[in-house]
Structure formats: structure tokens, C-alpha cells
Number of protein chains: 2
Amino acid sequence: MVQYAKARLDASFAALSDATRRGVLEQLGRADASITDLAEKFHMTLTGMKKHVGVLEQAGLVTTEKVGRVRTCKLGLRGLEEEAAWIERYRQVWDARFDELDKIVEELKRKEKVDGRKKRE
Amino acid sequence: MVQYAKARLDASFAALSDATRRGVLEQLGRADASITDLAEKFHMTLTGMKKHVGVLEQAGLVTTEKVGRVRTCKLGLRGLEEEAAWIERYRQVWDARFDELDKIVEELKRKEKVDGRKKRE
DNA sequence: TACATACTGAACCGAATGGTTCAGTATGCG
DNA sequence: CGCATACTGAACCATTCGGTTCAGTATGTA
């Protein structure tokens, strides 16, 4: 369904909207970690951290595997390709929109016979 | 405060985690719009849409100006530079992480070949 | 002046979030 | 066996979210 990608963006952006979860991703970028490791690092209960990991896992950003007593968390198979793509596309639209504005400003300036240098980098 | 940038990422990723709001951003990329315009386009009440616009405005992604009865919404001065940067940084870490894995796999494959040769010898 | 339009704000609603505690279960280890 | 570790699940809690209705206010227009 078309809804699928949309729901995925919902989930991943929501996952990224929490500082703790962004921190967990950065941490897992450095090394795999158990729930206990992460809970300690971020000063919260095991249960609390497990929920965060659940959110990240649901969003496909983290995978976990339990061996013995220990559940090890690592970065998921999915990168943030779709999210990066959405943002990139948006940035293009945004740039275009302001280029348009710049053009209008340029036009006005030229009409005023003012030698205007580009304002926006 | 240092917390500022963090809170901003919180706000903008949260803003992006809703399909309606992403739609509003895309729409405003095409043309400025009133609250009424947007409410109609996304099939919800004025009040509901105003809340969404409020979230986007709070995140700095949209600006609005009221002239007469009409509040016009347009893309904000902020693009998604910080968000893009965060994701890009993450993607690099992610890539590095999997390159590492690839190397390990390569290493294993090489050893297997060597072992295989040894056995055959 | 009268009426329609466009928004605003308060109040409410059910569901989701981010966290906790507490009471398990499963596992490792001496 | 007996105890510590590591997680799990249910229940609870306050807050936020996404949406509504309803009752305004302000503005444009005939």
C-alpha cells in the first residue's frame, strides 16, 4: 500500500523526536549494548529503556537479539535513507521557494537601480 | 543553553512525524495558503488545522501572518539544515558500522578458503 | 446595518507517550 | 541447590496529541 511508506516515516521521525532515543542510536553506532548498559548510560529503569528500544526496533532502526539472559541491541538493517530523501526533497522545495523570493527582490532592486549583491548564501 | 539545539531537534522531528503536517509543508512549498485552504485540503476542522500549523510554527518550519480576517501560512525561514545534518552524521556512522561487519565477513570468508585449502592439502 | 466569512479559544475526548513500581521468569554461577 | 543478574509484563500515572464541538470575536461586504 502507499500508506506503508507514510506510516514508516511517521514511526521513524517519531522515534527521532526523543533525545534519549537519538542518544541510543549514537551509542549503538559506537558499540552494541545490552538493555542494562543503555539504561545505566541514560539514567533510567530497565523497563523504561526497554520501551525506548522497542520504539526504535518498531521503526526498524534497531535490531535486538537475546542470548541467554542478555538482549543485545545493535543498529538496524535500515539506515535513514527514506528520511534523508524526504528532507532532501523538502530542502529543494524550500530553496526554490526562497530563490523565487530572491528573484523578486532582485527585480525590485534592479528597478530601483540599486546594485544589489546576493543576500542569501 | 546547550539544551536549545536538542529541544529544536525534538520539536522538528516531532513536527515531521505526522503525515498531515508533512503534507502541509509540501503544500506550502507549492503556494502560501490560509488556514481555511489547508483545513479543506486535509479534510479537517479549522481548529484542528490551526493546531497543526501551530506545531509547525513552533518548530520554526512555518511562519504565519494575519491580514484582515485571513491568516496566511508560508514556509518558515528555517530549512531543515540541522535535521539533515543529524541524519547525515548518523548515516555515516551507520555505513561505517556495516563496513566493519563486511570486513569481518570478508575475513571469515578468507579464513574459510584458507582452511579449505589446508584441508585439501 | 445585517449577514457571511475567517479565525480563535476553551473545553472535552480517547489514545499514545514517557516514565515509574512491582511482581514475576529465565539464566548463569559458585 | 541457592542466590544474583537480566530481562519482561502488567498496572499505574501525568502529560501530550490529534481531533472534535461550541461559543465567541473581528472583518469584509451588500
Side-chain angles (χ1 to χ4, degrees), chain A residues 3 6-28 31-74 76 83, chain B residues 3 6-28 31-74 76 83:
Chain A
Q3 300 294 84
K6 201 174 69 176
R8 184 138 88 189
L9 281 184
D10 282 16
S12 44
F13 280 132
L16 294 179
S17 75
D18 183 276
T20 300
R21 283 190 299 258
R22 288 196 303 276
V24 167
L25 287 182
E26 289 180 348
Q27 188 56 39
L28 294 182
D32 297 349
S34 69
I35 305 278
T36 299
D37 292 342
L38 295 171
E40 272 169 15
K41 182 92 66 179
F42 293 91
H43 313 104
M44 70 175 62
T45 58
L46 268 184
T47 313
M49 181 50 72
K50 203 184 164 242
K51 283 192 184 181
H52 280 304
V53 169
V55 171
L56 288 165
E57 206 171 358
Q58 204 67 14
L61 303 177
V62 158
T63 57
T64 74
E65 191 194 5
K66 191 164 185 177
V67 174
R69 292 181 293 185
V70 180
R71 178 171 299 278
T72 300
C73 310
K74 50 189 76 179
E83 295 70 19
Chain B
Q3 299 295 81
K6 200 175 68 176
R8 185 137 88 190
L9 281 185
D10 282 17
S12 45
F13 280 133
L16 293 179
S17 76
D18 183 276
T20 299
R21 285 192 296 260
R22 288 196 305 276
V24 167
L25 286 182
E26 288 179 348
Q27 188 56 40
L28 293 182
D32 297 348
S34 69
I35 305 279
T36 300
D37 291 343
L38 295 171
E40 274 170 12
K41 183 92 65 178
F42 292 92
H43 312 105
M44 70 177 61
T45 59
L46 269 185
T47 313
M49 181 49 73
K50 201 181 165 245
K51 284 192 183 179
H52 281 304
V53 169
V55 171
L56 289 166
E57 208 172 355
Q58 205 69 14
L61 303 177
V62 158
T63 58
T64 72
E65 191 193 4
K66 191 165 184 177
V67 175
R69 292 181 293 186
V70 180
R71 178 172 297 278
T72 300
C73 311
K74 53 189 75 179
E83 296 70 19

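By convention in this document, chain letters (A, B, ...) are assigned in the order of the sequence lines, proteins followed by strands, and residues within each chain are numbered from 1. Side-chain atoms are counted along with the backbone in the values below, which use heavy atoms only and exclude waters and symmetry mates.
Rounded to the nearest 0.5 angstrom, A:K50 NZ and A:C73 SG are separated by 10.0 Å. To the nearest 0.5 angstrom, B:K51 atom NZ is 14.5 Å from B:L56 atom CG. The NZ atom of B:K74 sits 6.0 Å away from atom CD of B:E65, with the distance rounded to the nearest 0.5 Å. Taking CZ of B:R8 as the reference point, atom CG of B:D10 lies at 12.0 Å (rounded to 0.5 Å).
C:dA16 atom P lies 14 Å from atom CG of B:D18, rounded to whole Å. Rounded to an integer number of Å, the gap from B:L46 CG to D:dT25 P is 18 Å. The interatomic distance linking B:D37 (CG) with C:dT5 (C1') rounds to 13 Å, in whole Å. Counting to the nearest Å, the P atom of C:dT25 and the CD1 atom of A:I35 are 20 Å from each other. In this structure, the NE2 atom of A:H43 is 17 Å from the C1' atom of C:dT20, given to the nearest Å. Here the P atom of nucleotide D:dC17 and the CE atom of B:M44 are 15 Å apart, to the nearest Å. Going from atom CZ of A:F13 over to atom P of D:dC17 covers 17 Å, rounded to whole Å. Rounded to whole Å, atom P of D:dT16 lies 13 Å from atom CG of B:D10.
A:R21 places no side-chain N or O within donor-acceptor distance of the main-chain N or O of A:L16, the cut-off being under 3.5 Å.
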message: I'd like to know whether A:K41 forms a side-chain contact (heavy atoms from CB on, under 4.5 Å) with A:D37, so could you lay out the CA-CA distance, the side-chain angles of the two residues, the decisive distance to 0.1 Å, and finally the verdict.
response: CA-CA 6 Å; A:K41 182 92 66 179; A:D37 292 342; over 6 Å; no
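Between B:T45 and D:dG19 there is no side-chain polar atom (N or O) within less than 4.0 angstrom of OP1 or OP2. Side-chain N/O atoms of A:T47 include none lying less than 4.0 angstrom from OP1 or OP2 on C:dT20.
With B:V24 as the fixed residue, the side chain to side chain contact (heavy atoms under 4.5 Å, CB included) test singles out one of B:V55, B:L61, B:L38: B:L38.
Within a 6.0 Å sphere centred on CD of B:E26, other residues, nucleotides and ligands contribute more than 12 heavy atoms.
Taking every heavy atom of residues 50-61 of chain B and every atom of DNA chain C, pairs under 4.0 Å involve B:K50, B:K51, by number.
Of the candidates D:dT8, D:dA6, D:dG18, D:dT8 carries the atom nearest the A:R71 side chain, counting heavy atoms from C-beta on.
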Output a table of nitrogen or oxygen pairs between the protein and nucleotides 28-30 of chain D separated by less than 3.5 Å.
none

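The minimum heavy-atom distance linking A:T20 with A:D18 is given by the pair N-OD1, 2.8 Å.
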